[in-house]
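Nothing here was measured: the structure is a model prediction, and the numbers come from that model. Start at 1 with the first residue, then count along the sequence.
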Amino acid sequence: MGFWFCALEGLATLMGSSHDPSAKALAGKWLPHLAGWGISLGCLVFIASQIEFPAVAEALVVFNWPYLAVAVVSLAFGYLFRIVRWYLMLRSAGALVTLQSCAVPFLGSIALNNVLPLRLGDLVRALVFPVAIGLSRVTATGSLLIERLVDLLTLLAVLGVGLAYSGKLDVPPWLPEVTMGLSVFGGLALLMVFLFSGLIASWLESRFASRATAISGRVALLVATLLRSVESMSRLRALLAVFGLSILVWLGEAGLFLSLLHGFGFDAGLSVAVIVMAIATLSTLVPSSPGYVGPFHLAAYAAITMLGGTPEQAAGFAVLSHLSLWVPTTLAGTLCMAIKPKIFKGLRAKAAVLN
């Protein structure tokens, strides 16, 4: 696995290009990582205080394991639609990419997200992998921005609808209203960005063209270029395709949670699976150790207890659902990077310049 060491060494060089040995600089560098590990540990300690470990093992023993295979297949379909969605966004921006060339950097970035802190896999997909597939970094960043925003709004919307119409979870009555309100507000804000990205870009270009050498001018013009990329991906036909594929993406992932729920013996429908999926997935926004350990487990644990499961069932579900998501995507991404190590050539080139 030499490519892992090469990639991590280059990434470390890229991130640490300014070497400041002061205690303040070192503290600022490590504080986010230590905070993430602390949050992860706190979540796991809380769950451990609520359960009996032999009972958790028993819950896993009685799990109906064929459902795990169904879960992984459903996850695979979801990720297929994720790759197709990214491919269509890039094509709508004029990028000359193929579906196959998109698969390797996409899955590779997911694997890196699973093992590196602070979602550094996203940074690599936006700034490093594009060099290998002939894609501009601005286009890659714009597509990633749209992808994340659309996914966030989709999750909030399905969570709000699911909480409002599912009577199986014991939740505060205000929660569905707040969730739906956030999704509507976020949707309107995203729509404004899509509609006016070109106008904002034009204003920034005219306002800062004379100051292109200043830091403020360079930043403004970079934002304008990013907005131009977003504009090209925000045409009606492209947006309809993105939102349609996003539904298929999350249906695939919901299928994983539905399969695991049935494997643990819960009489749950798709609406309940969507709620559990949304709660667990949104928890990954919380800073944590690599792999979203801790917050994901606590969110899944809370969702199953709201469903009426025992603490031990909830803990077993949390562990198995996390592994069902983490192991296949990490293996798939690692295999892609091992087969196509040239996708790191942008990182090597950048590291060479910094050195």
Side-chain angles (χ1 to χ4, degrees), residues 1-17 29-30 32-33 35-37 39-40 72 75-76 78-80 82-83 85-87 89-90 97 100-133 135-148 151-152 249 253 280-281 283-296 322-352 354:
M1 304 301 291
F3 74 95
W4 270 106
F5 297 104
C6 176
L8 294 178
E9 182 182 5
L11 187 58
T13 305
L14 182 63
M15 295 178 63
S17 55
K29 179 180 179 180
W30 287 104
H33 304 289
W37 281 97
I39 292 171
S40 293
V72 173
L75 178 69
Y79 270 84
L80 173 61
R82 286 178 189 266
I83 297 169
R85 180 180 63 178
W86 191 43
Y87 163 75
M89 282 194 289
L90 296 179
V97 295
Q100 183 180 2
S101 68
C102 290
V104 173
F106 186 92
L107 293 173
S109 70
I110 298 298
L112 292 173
N113 270 343
N114 288 347
V115 299
L116 296 176
L118 306 177
R119 288 186 176 270
L120 288 179
D122 287 349
L123 181 67
V124 173
R125 175 150 68 106
L127 302 180
V128 177
F129 290 164
V131 175
I133 61 174
L135 179 67
S136 75
R137 292 185 174 97
V138 173
T139 300
T141 302
S143 67
L144 186 60
L145 177 64
I146 293 177
E147 177 186 299
R148 294 306 186 199
D151 281 343
L152 177 61
V249 163
E253 199 141 323
T281 304
S283 72
T284 62
L285 297 175
V286 178
S288 67
S289 63
Y292 322 113
V293 174
F296 180 96
H322 181 266
L323 290 175
S324 300
L325 289 164
W326 190 90
V327 173
T329 54
T330 303
L331 289 177
T334 301
L335 180 61
C336 286
M337 291 185 291
I339 294 174
K340 298 284 187 180
K342 290 184 178 180
I343 60 172
F344 286 106
K345 69 179 183 179
L347 184 59
R348 297 190 188 101
K350 184 68 174 177
L354 292 175

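You'll find the side chain of Arg82 stays beyond 4.5 Å of the side chain of Ile110, heavy atoms only. Ser324 has its side chain out of reach of Leu75: every pair of non-hydrogen atoms, C-beta onward, lies at least 4.5 Å apart. Put simply, the side chain of Leu325 reaches to within 4.5 Å of the side chain of Phe296, judged on heavy atoms. Residues Arg137 and Val131 are in side-chain contact: their nearest non-hydrogen atoms beyond the backbone lie under 4.5 Å apart. No side-chain heavy atom of Thr141 sits under 4.5 Å from any side-chain heavy atom of Leu144.
With values rounded to the nearest 0.5 angstrom, Leu90 atom CG is found 6.5 Å from Ile133 atom CD1. Summarising the geometry, atom CG belonging to Leu116 is positioned 12.0 Å from atom OG belonging to Ser289; distances are rounded to the nearest 0.5 Å. Rounding to the nearest 0.5 Å places NE2 of His322 at 7.5 Å from CG of Asn114. For the atom pair OG1 (Thr330) and CG (Leu112), the distance works out to 9.5 Å, reported to the nearest 0.5 Å. Considering CZ of Arg85 and CG of Asp151, their distance stands at 4.0 Å, rounded to 0.5 Å. Between atom SG of residue Cys102 and atom CD1 of residue Ile83 there is a gap of 8.5 Å, rounded to the nearest 0.5 Å.
With Trp86 contributing its side chain and Ser143 its backbone, the two residues share no donor-acceptor pair below 3.5 Å. The backbone N or O of Tyr292 sits nowhere less than 3.5 Å from a side-chain atom of Thr284 that would complete a donor-acceptor pair. Using modelled atom types, no side-chain atom of Ser288 and backbone atom of Gly294 make a donor-acceptor pair closer than 3.5 Å. Judged purely by atom type and a 3.5 angstrom limit, Arg125 has no side-chain atom pairing as donor or acceptor with the backbone of Phe106.
When all heavy atoms are compared, the tightest approach of Arg148 to Asn113 is NH2-ND2, 3.8 Å. Minimum heavy-atom separation, Pro295 to Pro287: CG-O, 4.2 Å.
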Decide yes or no on side-chain contact (heavy atoms from CB on, under 4.5 Å) for Val293 and Trp37, but give the supporting numbers first. CA-CA 9 Å; Val293 174; Trp37 281 97; over 6 Å; no
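In this pair, Phe344 and Phe129 present their aromatic rings perpendicular. The plane angle is above 60°, beyond the 30 to 60° band.
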